[in-house]
Amino acid sequence: MKYICSLSLMVLSLLFTSSGAMADGINPHPKKIDPEVLFKEKAEYVAEELIVKFAPETAVSEREDLLKQVNVIEKTPLEDPDFILVKVNQGIDLADIAKQLLMSKQVILVEPNYKYKKAYLPKEPSYNRQWYLNKLQLPKAWDKTKGSSKITVAVIDGGVQKDHPDLRGKIVSPYNAVNGSSSYAPDEHATHVAGIIAAGFNKFGIAGIAPDVKIMPINVFQGDQASVETVIRGIYYAVKHHADVINMSLGDDNKSELLETATKYAKTKGVVLVAAAGNSSTFKPMYPAASEGVLAVSATDRNDRIASFSNYGNYIDLAAPGVDIYSSIAGSTYATYNGTSMAAPMVSGIAALVRSKNPFLSPSQVEAILKKSTIDLGSKGWDDEYGYGRIDAYKAVNNTSVPISSITAPKTYTMKGKNKAAFSFSATSKTKVSLTIKDTHGKTVRKLLSNKISSGTKISTSWDGKTTSKKFVPTGTYKIEVKITNGTDSLYKSTTIKVVNHTKPAILVSGTYSYSPNVKGQITIPYVLTHKVKVSAAVTDISGKTVKVLLSKKTTSAGKHSIAWNGKTTKGYQVKDGTFYLVMSFTDSTNKQSKPKKVQVKVDTVRPSGRLSLSSTLFKMNTKTTNTIKIVDMKEASNLIIQVVSDKGTIIKNLINKQSSAGTITASWNGKNDKNQLAPEGTYRYFVQLKDMAGNITKMNSPLFTLQDWRVPVISSGKEYYLKTKDPMTIGYTLNKPGKVTVGIYKNGKNVTAIRTDAAESAGQHTFIWDGTDQNKTPLNDGEYQFIIKLEDQYLVTQIYTGKIHIEIHKIEISYPAVVMFYPGEGSEVHYKLSKAKNVTVEIFNASNLKVKTIKQDVPVKDGSQYFSWDSTNDTGGIENGPNYYYVITAKNSYGQQSIKGKMASTGNPAWLASHSFGFHVGSDQIYYDQLQLKINTTQQATVIIHVHNYEGSAQIAEKQYTLKSGSNTIVYTKPSKYYWFYYLIEYRDLLGNQYWYEINELNY
């Protein structure tokens, strides 16, 4: 790991180095604000006082009349003659008065007399040396939160001094990733970082950004160096020990895929990751700052200018103060450091404040809050120096919503039996929300919401005043409790509601029942009482005559109950089938008789009936046909079950299981089982069950029928195969059904060899082998052949499959550049590669496709890398000066030939060079260029060589070679001297050795 920093003249290995406003127009008649919004939190305004703004044209007498109507008096006028302060009588709801006043056109605004508090200023002796705290608006942020001891920031760095006076009592789970222990040597840099984040408000030393949070120190250094392995260990340790934020004021410009995996993992586990952008004043990405899921922080000075040492580039997310930062260091003392190492913990500390206010936010939600809580500097919007802007702590805390909003609920709920009390609130998105009603003893009365996933928007529900058992609650005070959880942490918020029970006694019983004494010993009918009453119940016949008395003025409590009847009369006789009624009534506490309620009970002991009709006893299944069963003359509605079963009784397919009306029911089977697989050939039948409303059951079996597989045979295999060696090749194929198989090899419709003939094969996977020879075992020439597979099943239904086999044992392959550079009057050089030794012809053609030069004519050439050159002369001895030409390479042997065509161009890039650009970097003196920087995008691996000359035509004085990977490449070349301008030749070489040259004259820039 490399990192850069300075303290005075000392060089270490860490990432530190020792606006216009627009006035808004004022609307004289602003939109009136709903008082419900203004009067939510009573603690924020003076009780019994309101500020009222009248329209300018309102007369004094009109004001007095309006105030008199709502029974308030003017307390004192304010500086603006249109504003007055009024006094409201004690106990009167301010929001109600505000609503009444706002109904008048003369009243423009009514708002509370808000209470303002002093911004918190810590009493730390060195607070005035921490200029960045006011810059970040920390005093205003501390009025809302100073952090939480439940939030932990892991400092992956050197060793934090555990007993530093400003960090004592804040250290949790210390770890040394180098040796796996919990001990390490205190380090100045790490202690400086930790102090910025969490130095305590203890009237000693300095003030931390989040003074109430914990620090998890994780040492990853051995001397001045850390390896990517120890950093990764540190990240996984922080995740395992429940860190909420990870700060990494370290880095290197080498990307590690293992580090990328670790940072992604940490974010998926809910950790916010922050890292320093680097102090090299370069656009080169620094890792882990540039890693996915990590917030990269650049450094600014007191004037909100980007620090001269700060890195920049497309990976920057945020900026924070990083110049003249005073904080704690090892040795229980303090010092001033510079660097992005100091800027990163600014963001980590503010992230800890955000998480303290709302610990249920995901890392992405915290990142979004931080990115919109900035002062926009540099170019408007995001830019590569400040990212989304310089972070602002007050904005971040202000932009952080509370986990649970205030619960909106009526103060009094007068329960009348049908009306409901409405509740609403909002909760952090992706949390699980529950809402419970509890009595004064804390006992749960009703749970209205249970682990509902919050979307972050308003959640509404209502309560009908009933308990879980559907009993109305008595008059009293109840608590509405909201709980949110993310699986790890939980938070509660509650309010109270006064319930006045004005419900009337009622018996709730309904429905129509069917009952068969032959199936069940009794029928049980549920009912609900809203109050404690005396219940009477009896069974009557259709004429109203009492059959049996079940209850007679039995005192019964409110809630859920049930009543049972065994289908018998008072004398114990079984009733006959027919319609009966359960009649219920009650007498309340005043001896008032209720109106009777009755439900129908149909006694039915007759089993349902029907006839089965089978479409055919032979089912020729071909995936399109079906076999059909009908249930004819069903006399009554029934629950119907139809299954296909084997002749041994095994269930193959459930066709129907539903309630069906009387009449004719049809079901069809396509030959597949419940797993959607075709059933094997064999003998089957249908099982049918009818169950009526009373529970009477009839079971029937259809006649047996035979299933035959008449599907068209299907053969599956690959379409094209290539035989490139003399070794035999294996070709696989799959049959959907058994049959006789014939396999042969053909050329242009003529049989070359037979592999197998009428071979009996089962359904499933099979293979055949062919060595590229004919029937007489003579090797065949290169070319295209066909293999044909024929399948004939037991019903003589056939299918044929045809595929291709390409013999390419002797095929010619030429690797060549699509474009090479051509220098008019000088010529060109082409590097290419042959797969095998061949006779080669090389010819040059002009843009009109006329041949101008034959380089080689049927010359034997070995396999491997080859090249030819053309000196720009034609076959007549003249010089070709056109801008573009084409070369054609033809290679042939006894099996055939192959020709390719490439372009010789005086301008343009090779096809694999997608783009390239350059620039010069100004050194720390802000005067001279010290680096040549190249950005190169390629589609294949290549080489770039930088040739350096004092001036065009002079001897080469330096050379540097780099390997280009496929994709985006950034090359940074440090000049031999920053005080001279040089001439550069940029040479690209492809994998074949072809060269492409470009020039850069520094004098022109």
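In terms of modelled atom types and a separation under 3.5 Å, the side chain of T431 and the main chain of T485 share no donor-acceptor contact. S660 places no side-chain N or O within 3.5 Å of a backbone atom of A637 that could act as its donor or acceptor partner. Looking at R685, its side chain never comes within 3.5 Å of a backbone N or O of V644 through a donor-acceptor pair. Judged purely by atom type and a 3.5 angstrom limit, N696 has no side-chain atom pairing as donor or acceptor with the backbone of P608. The closest donor-acceptor contact from the side chain of K432 to the backbone of K452 lies at 3.5 Å or more, if one exists at all. Counting only distance, with no hydrogens or angles, the side chain of K737 and the backbone of D709 share a donor-acceptor pair below 3.5 Å. In terms of modelled atom types and a separation under 3.5 Å, the side chain of N358 and the main chain of S401 share a donor-acceptor contact. In this structure, the side chain of T587 does not engage the main chain of N591 through any donor-acceptor pair within 3.5 Å. Under a 3.5 Å cut-off, the side chain of S702 and the backbone N or O of Y686 do form a donor-acceptor pair. Side-chain N or O atoms of T530 include one that pairs as donor or acceptor with a backbone N or O of A506 at under 3.5 Å.
Residues I404 and K493 share a closest heavy-atom pair of O-NZ, 2.9 Å. Of all heavy-atom pairs between N627 and S615, the closest is ND2-OG, 3.6 Å. Shortest non-hydrogen contact noted between N501 and T475 is N-OG1, 2.9 Å. The nearest pair of heavy atoms linking V533 to D588 is CG1-CA, 4.1 Å. Shown here for G764 and H766, the closest heavy-atom pair between the two residues is O-CD2, 3.3 Å. Smallest separation of non-hydrogen atoms from S668 and T628: OG-OG1, 3.3 Å.
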Exercise. Passes side chain to side chain contact (heavy atoms under 4.5 Å, CB included), K99 versus I97? Steps please.
Worked result: CA-CA 5 Å; K99 288 179 182 178; I97 297 297; over 6 Å; no
Exercise. Which is it for I459 and S454 under the side chain to side chain contact (heavy atoms under 4.5 Å, CB included) test, yes or no, and what are the steps along the way?
Worked result: CA-CA 8 Å; I459 298 174; S454 171; 4.1 Å; yes
For this session: Before giving the answer on side chain to side chain donor-acceptor pair (under 3.5 Å), spell out for Q794 and Q708 the whole-Å C-alpha distance, their side-chain angles and the decisive distance to 0.1 Å.
Result: CA-CA 10 Å; Q794 62 177 319; Q708 292 181 349; over 6 Å; no
For this session: Apply salt bridge (Lys or Arg N to Asp or Glu O under 4.0 Å) to the pair E792 and K740, showing each step before the final yes or no.
Result: CA-CA 5 Å; E792 181 181 274; K740 296 179 180 179; 5.0 Å; no
Exercise. What's the verdict on side chain to side chain donor-acceptor pair (under 3.5 Å) for Q365 and S429, showing C-alpha distance, side-chain angles and the deciding distance?
Worked result: CA-CA 9 Å; Q365 289 171 321; S429 63; 2.4 Å; yes
For this session: Would you sort out whether T683 and F705 count as a side chain to side chain contact (heavy atoms under 4.5 Å, CB included), showing the intermediate values?
Result: CA-CA 6 Å; T683 304; F705 62 93; over 6 Å; no
For this session: List the steps, then state whether side chain to side chain donor-acceptor pair (under 3.5 Å) holds for D541 with S543.
Result: CA-CA 5 Å; D541 61 18; S543 66; 2.7 Å; yes
For this session: Let me see the working for T570 and K548 under side chain to side chain contact (heavy atoms under 4.5 Å, CB included), right down to the final yes or no.
Result: CA-CA 5 Å; T570 301; K548 187 173 183 178; 4.0 Å; yes
Exercise. Does the pair Y478 and Y413 meet the rule for a ring pair (Phe, Tyr, Trp, His ring centres under 6.0 Å), with working shown?
Worked result: CA-CA 10 Å; Y478 295 84; Y413 167 38; 9.6 Å; no
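Ring-centre distance between W669 and Y684: below the 6.0 Å cut-off.
A side-chain N or O of Q593 and one of S585 form a donor-acceptor pair less than 3.5 Å apart. Looking only at atom types and distance, the side chain of T457 has a donor-acceptor partner in the side chain of S455 under 3.5 Å away. E481 and T436 share no donor-acceptor pair across their side chains, judged by distance under 3.5 Å alone. Between the side chains of T605 and D577, at least one donor N or O sits under 3.5 Å from an acceptor N or O. In summary, the side chains of S460 and S424 do not present any donor paired with an acceptor at a separation below 3.5 Å, with no hydrogens or angles considered. A donor atom on one side chain and an acceptor atom on the other are not found under 3.5 Å apart for T579 and Q600.
Using a 4.5 Å heavy-atom cutoff, the side chains of T477 and I497 are not in contact. Proximity of L690 to M634: side-chain heavy atoms (C-beta onward) are separated by under 4.5 Å at one or more points. When side chains are defined from C-beta on, V88 counts as touching L94, because their heavy atoms get closer than 4.5 Å. In this structure, the side chains of F360 and R355 stay at 4.5 Å or more apart for every pair of heavy atoms. Counting heavy atoms from C-beta outward, K630 and I665 have side chains that stay 4.5 Å or more apart. Residues L735 and I715 are in side-chain contact: their nearest non-hydrogen atoms beyond the backbone lie under 4.5 Å apart.
The distance from atom OG1 of T706 to atom CG of L704, rounded to the nearest 0.5 Å, is 8.0 Å. Summarising the geometry, atom CD1 belonging to I480 is positioned 10.5 Å from atom OG1 belonging to T461; distances are rounded to the nearest 0.5 Å. The structure places CD1 of I563 at 4.5 Å from CE of M584, a figure rounded to the nearest 0.5 Å. Rounding to the nearest 0.5 Å places NZ of K672 at 7.5 Å from OG1 of T623. Taking CH2 of W463 as the start and CG of N419 as the end, the distance is 11.5 Å to the nearest 0.5 Å. The NZ atom of K597 lies 8.0 Å from the CZ atom of F586; values are rounded to the nearest 0.5 Å.
When each of T400, D244, I151 is paired with S356, the side-chain contact (heavy atoms from CB on, under 4.5 Å) condition holds for I151 and for no other. Partner L612 forms a side-chain contact (heavy atoms from CB on, under 4.5 Å) with one of I629, I642, V632 and no other, that one being I629. Partner of R446 under the side-chain contact (heavy atoms from CB on, under 4.5 Å) criterion, chosen from L435, T467, D464: D464.
Heavy atoms from other residues, nucleotides or ligands lying under 6.0 Å from CE of M693 number 12 at most. Counting non-hydrogen atoms of neighbouring residues, nucleotides and ligands closer than 6.0 angstrom, the CZ atom of R711 exceeds 12 such neighbours. The number of heavy atoms from other shown groups lying within 6.0 Å of NE2 (H242) does not exceed 12. Annotation: Q765, atom CD; neighbour count of heavy atoms from other residues, nucleotides and ligands within 6.0 Å does not exceed 12. The number of heavy atoms from other shown groups lying within 6.0 Å of NZ (K471) does not exceed 12.
Partners of Y492 according to the ring pair (Phe, Tyr, Trp, His ring centres under 6.0 Å) rule, which considers only residues two or more places apart in sequence or in another chain, do not exist here.
With Y581 as the aromatic partner, K598 meets the cation-pi criteria of under 6.0 angstrom to the ring centre and within 45 degrees of the ring axis.
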